[in-house]
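The structure appears below as structure tokens.
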Amino acid sequence: MSSTPTAGPRGEQLDNYLADPYTYLRDLQEHGDIVGIELGGIPTAVIYDLGAISTVFADKLDHIGRPLIFDR
């Protein structure tokens, strides 16, 4: 597992995601376990590796922050 995101599709990806979220996220995994994209103008890392997901949510969340929607 690499902790550095691999390059995903270039440019804004929000329209692609909104058109078919499930297919978009499934196909995005072809780029790697951690994929960097721009989503709604926000640099975003999409994480598929379960160990990395655990690290982010269990160990690093206080350091990297989270979207306000998760506080609701």
| Does a side-chain heavy-atom distance below 4.5 Å link Pro9 with Ile37? | yes
| task | With the side chain counted from C-beta on, respond yes when Tyr48 and Ile53 share a heavy-atom pair under 4.5 Å apart, and no when they do not. | result | no
Atom [atom1] in [X], atom [atom2] in [Y]: separation rounded to 0.5 Å?
X     : Y     : atom1 : atom2 : answer
Gln13 : Leu25 : CD    : CG    : 11.0 Å
Leu14 : Thr44 : CG    : OG1   : 9.5 Å
Ile47 : Asp33 : CD1   : CG    : 10.0 Å

| query | How close do Asn16 and Glu12 get, heavy atom to heavy atom, and via which atoms? | reply |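 Nearest heavy atoms, Asn16 then Glu12: ND2-O, 4.5 Å.
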| message | Could you see if Tyr24 belongs to whatever hydrophobic cluster contains Tyr22? Use Ile, Leu, Val, Met, Phe, Trp, Tyr and a side-chain cutoff under 4.5 Å. | response | no
| query | So if you build clusters from Ile, Leu, Val, Met, Phe, Trp, Tyr with side-chain heavy-atom gaps below 4.5 Å, do Ile42 and Val46 land together? | reply | no
| query | Short question: side chain of Glu38, backbone of Arg10 - any donor-acceptor pair under 3.5 Å? | reply |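 No, the answer is negative, given that no donor and acceptor are paired below the 3.5 Å cut-off.
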| query | Does any N or O in the side chain of Thr55 come within less than 3.5 Å of the main-chain N or O of Gly51, such that one atom is a donor and the other an acceptor? | reply |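 Yes, Thr55 side chain to Gly51 backbone: donor-acceptor pair under 3.5 Å.
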